[in-house]
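This one's a predicted model, so the numbers in the text were calculated from it and none came from an experiment.
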Amino acid sequence: MNYRISEAHSCPRTSLCSTSQHTAIVLYCIDMRKTSIHLEKYLDELIHNAPPGERLPTVRALMRNFGLSQMVVQRVLLDLQSSGRVESQVGRGTFVLAKDGASVPATAFAQQDSPVHSRTVLLMRRSVSINRGRVLIEKLHQRFLASGQSVLEVSYSDPSHACAILRSLPRFDACVIQSSFKPLPIQVLSAIRDRSDVLAVDGMALIGADVESVGTEWGEPLAEAVRVLHALGHRRIAFAATSQPLLATQLGFRRCSYIQKFFPDISLQPIGVPMLPDEAYVSSLVSHLRDSLDAGGHLTFSALVVWGVEDGLRFLDMLNELGISVPSALSVVLLGRPDLVNEHGGFFETVGCSVEDQAQTLYDAVVRRWSHPELPYGVHLTPVTHRAGRSTARYAERT
């Protein structure tokens, strides 16, 4: 970093610049020169030993690790670029050049999308008995460890508890938090921001506000489930999900209205369950079905699409106790996780996103944010997958 004291100020020492001011400017420049020496030595050694195409740490990481301002770090990198040792690519980062100063082919940079240097990751899970949340955190934990990151996993019971935990922790390079159907208050998000450079939320509980939100909007899986049932001849179909104001399920109910409006041969009945899956959700749904039975013990619909079932076989037992046989009396499609046995129980047809895809999408969102901090934050929707089961049958008129 070639600071020249005479250029530290845009004007020479005149009546507008007192002796004391000039001295302060000189001392400031000398101090910046001293504080950048360690950074220059670190980068010099790193570039000397790195292969062409290696990505240097981000400006933010260098600022944090060396306690320097953004201006100082960028000036050091600019000097390296002027000397032909590195190349800066907008939106991608700063890369080591070949020893002769030749540019490295773009294909070499394609391998740099995963983090090169070890980072710290905080995984926060709400302590509720939802198997899907625990499995997801385990898969995320494994992915970050496998890529060389340091991971701390903690559980919290409520927003106050989450804030108390965060106050006792150091700073992390990224934090992934599960809300598990509960809203994330501003104070929790603020506390995480004080402790983390990157914030990713598992689920569509929050959109925007400098977070990466990864989840499923349940309208698409609902449409797929209705398509399957329609192909089997079902025209009277019910859709059950929580009536709590969750964005993902509200989008499902929105799709329900659309299907009803534009496919007049289908009668699609929404059922709002006033509980969440970690509460008495299934019991509340079964009670509603019991109250809906006519005098002959029949429902007014021949097929049911259900979101939020945690224990598929227990749900099947409860339907059998009502005298509702699946699929002979009622075809059922679950909206959930096709790769979780506890949900489909090896029996139910299931449409949704897999935990595997959710974990990978969250991991990719964090790594992308590390590599490209200038990109806008956004929503990442996981792909919809379909697991065939034995819970659906062709519609047959009652005799």
Side-chain angles (χ1 to χ4, degrees), residues 1-10 24-99 101-104 106 108-122 147-150 170-175 192-200 210 212 365-377:
M1 184 172 179
N2 300 316
Y3 267 116
R4 293 189 293 274
I5 293 178
S6 61
E7 295 181 357
H9 200 273
S10 59
I25 293 171
V26 170
L27 293 177
Y28 175 69
C29 295
I30 294 175
D31 183 60
M32 284 200 298
R33 174 67 182 145
K34 287 181 178 179
T35 56
S36 68
I37 288 176
H38 294 299
L39 173 61
E40 292 173 5
K41 289 182 177 179
Y42 166 77
L43 291 177
D44 182 71
E45 183 177 353
L46 182 63
I47 294 169
H48 178 75
N49 296 319
E54 178 88 355
R55 190 201 305 273
L56 297 184
T58 64
V59 171
R60 178 178 289 186
L62 294 173
M63 290 168 56
R64 181 176 63 251
N65 294 339
F66 288 88
L68 299 174
S69 69
Q70 181 176 347
M71 182 183 71
V72 173
V73 172
Q74 288 178 332
R75 183 62 182 266
V76 173
L77 293 175
L78 182 61
D79 285 346
L80 290 172
Q81 185 174 351
S82 299
S83 64
R85 303 183 66 189
V86 300
E87 179 177 79
S88 180
Q89 297 190 2
V90 177
R92 297 187 60 84
T94 303
F95 300 87
V96 177
L97 291 178
K99 302 306 179 189
S103 294
V104 181
F109 299 123
Q111 306 300 321
Q112 301 296 325
D113 286 337
S114 60
V116 175
H117 303 278
S118 178
R119 293 178 169 88
T120 55
V121 181
L122 175 64
S147 64
Q149 316 311 316
S150 299
R171 188 169 184 82
F172 292 82
D173 293 301
C175 174
I192 295 175
R193 271 298 181 198
D194 286 343
R195 289 289 186 271
S196 175
D197 293 336
V198 176
L199 169 57
D210 292 346
E212 300 290 352
V366 171
V367 172
R368 187 182 302 109
R369 177 58 47 189
W370 280 337
S371 301
H372 308 293
E374 76 287 350
L375 293 179
Y377 291 86

Can you list the steps and then say if Tyr377 with Leu199 is a side chain to side chain contact (heavy atoms under 4.5 Å, CB included)?
CA-CA 10 Å; Tyr377 291 86; Leu199 169 57; over 6 Å; no
Would you say the side chain of [Y] lies within less than 4.5 Å of the side chain of [X], judging by non-hydrogen atoms?
X: Val76; Y: Leu68; result: no
X: Pro170; Y: Thr120; result: no
X: Thr94; Y: Gln81; result: no
X: Val121; Y: Val366; result: no
X: Leu56; Y: Leu62; result: no

How far apart are the closest heavy atoms of [X] and [Y], and which atoms are they?
X: Pro376; Y: Glu212; value: O-OE2, 4.5 Å
X: Arg119; Y: Gln149; value: N-OE1, 2.6 Å
X: Asp194; Y: Arg171; value: O-NH1, 2.8 Å

Does [Y] offer a backbone N or O that forms a donor-acceptor pair with the side chain of [X] under 3.5 Å?
X: Arg195; Y: Phe172; answer: no
X: Trp370; Y: Asp173; answer: yes
X: Ser371; Y: Val367; answer: yes

Go through Arg369 and Asp197 one step at a time and tell me if the salt bridge (Lys or Arg N to Asp or Glu O under 4.0 Å) criterion holds.
CA-CA 9 Å; Arg369 177 58 47 189; Asp197 293 336; over 6 Å; no
Can you tell me how far apart [atom1] ([X]) and [atom2] ([Y]) are? Round to the nearest 0.5 Å.
X: Leu77; Y: Leu39; atom1: CG; atom2: CG; result: 7.0 Å
X: Leu80; Y: Ile47; atom1: CG; atom2: CD1; result: 4.5 Å
X: Ser150; Y: Leu122; atom1: OG; atom2: CG; result: 12.5 Å

Would Asp210 and Arg193 satisfy side chain to side chain contact (heavy atoms under 4.5 Å, CB included), going step by step from the backbone distance to the final call?
CA-CA 9 Å; Asp210 292 346; Arg193 271 298 181 198; 3.2 Å; yes
Run the numbers on Val96 and Leu46 for side chain to side chain contact (heavy atoms under 4.5 Å, CB included), then give the verdict.
CA-CA 9 Å; Val96 177; Leu46 182 63; 6.0 Å; no
